[in-house]
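Please read the structure below before turning to the comments.
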Amino acid sequence: MTQSVIVQVGQCGNQIGCCFWDLALREHASVNQKGIYDEAISSFFRNVDTRMVGDGGSISKGKICSLKARAVLIDMEEGVVNEILQGPLRDVFDSKQLITDISGSGNNWAVGHKVFGSLYQEQILEKLRKSAEHCDCLQCFFIIHSMGGGTGSGLGTFLLKVLEDEFPEVYRFVTSIYPSGEDDVITSPYNSILAMKELNEHADCVLPIDNQSLFDIISKIDLVVNSGKLGTAVKPKSLVTSSAGAFKKQQEKPFDAMNNIVANLLLNLTSSARFEGSLNMDLNEISMNLVPFPQLHYLVSSLTPLYTLADVNIPPRRLDQMFSDAFSKDHQLIQADPKHSLYLACALMVRGNVQISDLRRNIERLKPSLQFVSWNQEGWKTSLCSVPPVGHSHSLLALANNTCVKPTFLELRERFMRLYKKKAHLHHYLQIEGMEESCFTEAVSSLSALIQEYSQLDATKSMPMEDLPRLSVAV
Amino acid sequence: MSIVTVQLGQCGNQIGFEVFDALFSDSHCPQGLCSKRENEAYQASCKERFFSEEEHGVPIARAVLVDMEPKVINQTLSKAAQSGRWKYGQHSCFCQKQGSGNNWAYGYSVHGPRHEESIMNLIQKEVEKCDSLSGFFIIMSMAGGTGSGLGAFITRNLQDQYSNSLKMNHIIWPYGTGEVIVQNYNSILTLSHLYRSSDALLVHENDALHKICAKLMNIKQISFRDINQVLAHQLGSVFQPTYSEEGSSHYRRNPLGDLLENLVPHPEFKMLGVRNIPQMSEHSLAYSTFTWAGLLKHLRQMLISNAKMEEGIDWQVRPPLSGAPTLGKMSANKNLHFNTSLANLVILRGKEVHSADLGGFKDPALYTSWLEPDNAFNMWKTQRAFNKYEKSAALVSNSQFLVKPLDMIVGKAWNMFASKAYIHQYTKFGIEEEDFLDSFTLLEQVVASYRNL
C-alpha cells in the first residue's frame with residue numbers, strides 16, 4: 001500500500017485542504033469501525049503516540065492512538081492556517097508541518113514564486129523530506145492551490161520544480177482552482193498564465209476546477225433541497241457539499257460547500273487505491289491511461305451523484321442516471337462540455353454496490369453519443385471499488401482528457417492579453433528580482449502551444465476513420 | 001504428477017482462488033455418480049495435482065501468489081482461510097507495496113529483474129514439495145501491468161530455469177471496450193513475448209464469459225466473481241482427472257504433458273480455447289436432463305461456427321464438402337465462417353460416458369489438411385460426474401477461433417502506435433518502439449498462419 005502527501009498552499013489551498021482532512025477522517029471512521037490503524041488509513045494518516053517526546057512515536061500497527069495528517073501547510077499569511085489550528089482539526093496537524101509568513105503575496109505570482117520561493121526553499125525542502133521519511137512507500141504528492149492569487153499560484157508552482165528535482169519518481173497531481181470570469185482579483189490572468197507554464201512543465205497531472213462551476217452545482221443542490229417537493233428530502237450526510245464544520249459551526253462560510261466538492265473529488269480519486277474492490281485502480285494508473293502525450297495532462301472531472309434522496313421507495317433507476325449525469329456539462333467541475341468535444345481518454349471510477357455488468361451496460365449506452373479520437377476509439381479506463389462514500393450507496397467519478405479544456409485556456413489567454421497589451425499592473429511584477437518581460441512572453445507561448453495541440457486534435461474530429469495499412473508478412 | 005500454479009496480479013489471484021475452490025468442491029462433491037472406490041481414486045488424483053498435504057489435514061493449494069500491491073493477495077488469502085476447507089501456503093506469496101500502473105514495461109523491466117530472485121525462490125520451494133512435476137500453470141491477464149509484464153518476464157525465467165518442465169499460460173483476454181486504455185499495447189507485448197517462451201496459451205475472453213453469465217446463468221447484475229466462477233468451472237472440467245489410455249481404472253498422471261502433446265503439434269500454433277457444455281445455474285440444473293448425442297451435436301457445432309456457448313449457435317455453418325481436393329485449401333471455396341481446427345480434445349465426464357459417440361469430431365473436413373484426424377483428435381473421459389452435472393463435455397481446441405479477436409487487438413494497437421500515443425510511458429522504462437514493431441511482426445505472422453489453416 002502506498003502513501004500520499006497533501007501539500008496545501010495559499011488561502012484557497014488550505015481551506016480546501018482543511019475540508020479534505022475533515023472528510024477523510026469521517027470516511028475512514030465510517031469504514032474502520034474497530035479503530036485499528038490499517039493500510040487504508042495509513043495512505044493519508046500517520047499513527048502517532050503523542051506521549052512520546054520528540055519527533056518519533058510513529059506506530060505502524062495496532063490500535064489508533066493519534067492520527068496525524070500527511071500534510072504540509074504553506075501560507076504566506078497566518079490567518080487561514082491559524083484558524084485551522086484553533087478549529088476542531090487542530091490535533092490532526094503536526095505543528096512542524098507548517099510554513100507561514102505574515103505579509104502575504106499581495107496577489108502577485110512573482111512575490112510568491114521568486115521572493116518567497118527563494119526565501120523558504122530550504123524550509124520547504126526540509127518539511128517535504130520529513131513527510132516523505134514518514135512514508136513507507138510514497139507514491140504521490142497532491143498539491144492544492146488556486147491559480148489567480150499570489151501564494152497558491154506562485155509559491156505553489158515553485159514547489160513543483162522542487163518536488164520534481166527532489167522526488168523525481170513520486171507523482172505530482174495538482175488540483176488547481178482557476179479564476180472565473182468575474183474574479184475579483186484584477187491580476188488573476190497574469191498569475192494564472194505564469195502558473196500555467198509551470199503546470200505544463202512540472203506537473204504529472206492537473207485537475208482544473210473553477211469557482212463558477214462549483215457555485216452552479218451548489219445552486220442546483222439548493223434547488224432540490226429547498227424545493228420542498230414530496231419525496232425529495234435529501235439525506236443530510238449525503239450532500240457532496242456537506243461537512244461536519246471544519247471551521248466553527250455557527251458561521252458556515254460561503255466557500256465551505258464548494259470546497260467540500262473538491263475534497264470529495266480527491267477522496268474518490270484515491271478510493272480505489274485505498275480500499276478493496278474487484279477492479280482496483282492505483283494512482284499511477286491514472287497517469288498511465290489518461291496522459292497519452294506528456295503535455296496533455298489536464299483532466300476534466302465530474303462527480304455524481306451530488307446527493308442521495310432520503311426516500312428509499314424511489315426505485316434505483318438512479319444507477320444509470322448517475323452515469324448519464326457524469327457526462328452532462330452541468331456536473332463538470334470546470335465550465336466545459338465534454339460531450340461536444342473530443343475525448344482523448346476517459347476514466348470511470350465507481351464506488352459502492354456496482355458491478356462490471358452495470359459498468360459495461362452504461363459504457364455501451366453512452367458511447368454512441370461521445371466522440372473519441374481516432375486512435376483511441378475504446379479509450380475507457382474503469383475501476384470498481386467496493387467501499388462507497390459516506391452517505392451514498394454508490395458514486396462515480398469521471399475523469400476526461402478532453403479538448404473541452406481549450407475554451408478555458410483560450411479565455412484565460414484573452415483576459416491576459418487585455419491586461420498585457422496595456423501593460424497594466426506590470427510594474428508590480430517587473431520590480432521583483434528575477435522577473436522580466438520574457439517571463440510573460442514565454443508563459444503565453446507555452447499556453448499557446450498547448451492550445452495549438454488541442455486545436456490540432458479537434459481538427460481530426462470530423463475526419464473519417466481510416467485504418468492504417470498493416471504490416472504484411474510472408475506466409 | 002503435480003501442477004504448480006502461479007497467480008499473477010489482481011486478475012490472476014482473483015481467478016486462482018475460484019479455480020482452486022472449484023477443484024476442491026468438485027473433488028469433495030458427494031454426487032459423483034460413481035462407486036466409492038472410484039471417487040476416492042478421483043479425489044486422490046486431484047489432490048496429487050493441485051494440493052499438498054498438511055499435518056492438520058487442511059490441504060494447501062500448490063500455488064505461488066504474486067502481486068505488486070497487497071490488497072488483492074490479502075483478500076485472496078483470507079477468503080481461502082475462511083472457507084476452512086483448503087488454504088494457501090503461509091509463505092507462498094510475494095507482494096510489494098506499489099503496483100505496476102497498468103504499464104507492461106514497468107512490470108517487465110522494473111519489477112521483473114528487481115524481484116526475480118524472490119519470486120523464483122518461492123516457485124522453487126513449491127516445486128520441491130512435488131514428488132514429480134508435470135509443469136506450470138500461470139494465470140494472468142493481458143490488459144494490466146503486473147499479470148502481463150511481470151507474467152511475461154517470469155515465464156521466460158521459467159523457460160530458462162526449468163527447461164524440461166512444461167508451461168501453460170492461462171490468459172484473460174480483456175473486454176473489447178475499455179477496461180484499460182493501453183490494454184492493446186499490453187496485450188501485444190504479452191502475446192509476442194509468451195509466444196517465444198511458453199508452450200501453450202489457454203485463452204479465456206471476458207466478453208464470452210460475460211455472455212455466458214448473462215444468457216446461460218441468467219445473472220442480472222454480473223460481477224467479476226460470477227465471471228471467474230464460470231471460468232473456474234470450465235478449467236475444472238479440463239483439469240480434473242480423467243482415465244489414462246492404458247485402462248479405464250487408472251487416472252492419467254501427466255495432465256499438462258498430455259494436453260500439450262494432443263493439442264500443440266507445431267510451435268507456430270499455440271493458442272487454445274475452451275468450450276463447455278452444458279453450463280447453467282444450479283437452479284436450472286435440477287430440471288434438466290441430457291443425452292450424449294445432444295450434447296456432442298451442440299459442442300461440435302459450437303466448434304465449427306465458433307460459438308462461445310450453446311445458445312445462439314449458427315447452425316447454417318457447415319464444414320466444406322468432404323471429398324473436396326485438400327490442396328488449395330486457401331481458395332475462395334472455403335466457407336468463410338467455418339472454424340478450421342488444428343487439433344481438438346474432447347473431455348467427457350459422467351453417466352454412461354462409454355456410450356458416447358464421437359464420430360462427428362473425427363470428420364477430416366473439420367481439420368486442416370496436414371494432420372490426420374487420428375492425430376488431430378483425442379478424447380478423454382471419466383465416469384465420475386463433474387460439479388453436479390450428470391453429464392458434461394469440455395472441448396479444448398487449437399483452432400481459428402482467436403483469429404478475429406487477435407486481429408482486432410493488433411489493428412487497434414497499430415492505429416494507436418501510429419499516433420505514438422502513450423509510447424512515452426513505455427520508453428520511460430526501456431521498451432522501445434522497436435520492441436513494439438517486433439511484437440507486431442510476430443503477431444501478424446501468427447494471424448496469417450492461423451488464417452491459412
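The structure presented is a predicted model; accordingly, all values stated were derived computationally and were not measured. Lettering follows sequence order; numbering is per chain, from 1.
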Neighbourhood of chain A inside residues 204-211 of chain B, taking heavy atoms under 4.5 Å as contact: B:His210

Interface moiety of B:Ile219 toward chain A, non-hydrogen atoms closer than 4.5 Å: neither

Closest non-hydrogen atom pair, A:Asn353 against B:Gln221: O-NE2, 3.6 Å

Chain B interface, residue from A:Val291, A:Ile356, A:Asp136 that has the most non-hydrogen pairs under 4.5 Å: A:Ile356

For the student: nearest non-hydrogen atoms of B:Tyr422 and A:Asn376, plus distance: OH-ND2, 3.5 Å

Side chains of B:Asn74 and A:Glu39 in contact at under 4.5 Å (non-hydrogen atoms): yes

Distance-minimising heavy-atom pair for A:Trp375 and B:Ala421: CZ3-CB, 3.4 Å

A:Ser278-B:Gln14 side chain donor-acceptor pair, cut-off 3.5 Å: no

Greater than 12 external heavy atoms within 6.0 Å of A:Lys461's NZ: yes

Straight-line distance of B:Tyr426 OH to A:Met288 CE, nearest 0.5 Å: 3.5 Å

Approximate separation, where rounding is to 0.5 Å, of A:Met1 CE and B:Cys95 SG: 10.0 Å

Partner chain B: residue of A:Asn280, A:Thr2, A:Asp282 with the largest heavy-atom pair count (under 4.5 Å): A:Asn280

Most contacts with chain A, counted as non-hydrogen pairs under 4.5 angstrom, among B:Gln96, B:Lys420, B:Gln183, B:Arg225: B:Lys420

Contacting region of A:Asp38 [heavy-atom separation from chain B under 4.5 Å]: neither

Under 4.5 Å from a heavy atom of chain A, the part of B:Asp407 involved: both

A:Pro469 backbone acceptor or donor facing B:Trp414 side chain under 3.5 Å: yes

Spatial distance of atom CD1 (B:Ile181) from atom CG (A:Leu344) [nearest 0.5 Å]: 9.5 Å

Part of B:Glu444 lying under 4.5 Å from any heavy atom of chain A: both

Which portion of A:Ser272 sits near chain B, non-hydrogen atoms under 4.5 angstrom: backbone

Chain B contacts, top residue of A:Arg360, A:Glu378, A:Glu276 (heavy-atom pairs, under 4.5 Å): A:Arg360

Under 4.5 Å from any heavy atom of chain B - which part of A:Asn289: both

B:Asn102 side chain near A:Glu285 side chain, heavy-atom distance below 4.5 Å: yes

Heavy-atom proximity to chain B below 4.5 Å, by part of A:Leu283: neither

Best-contacting candidate, B:Gly145, B:Gly144, B:Ser223, against chain A by heavy atom pairs under 4.5 angstrom: B:Ser223

Exam field: side chain A:Gln377 to backbone B:Thr177, donor-acceptor pair closer than 3.5 Å: no

Side chain proximity check, B:Gln98 to A:Gln139, heavy atoms < 4.5 angstrom: yes

Side-chain (B:Lys71) to main-chain (A:Ala273) donor-acceptor, under 3.5 angstrom: yes

Shortest non-hydrogen contact from B:Gly411 toward A:Arg470: CA-NH1, 3.4 Å

Shortest non-hydrogen contact from B:Gly99 toward A:Asn284: O-ND2, 3.3 Å

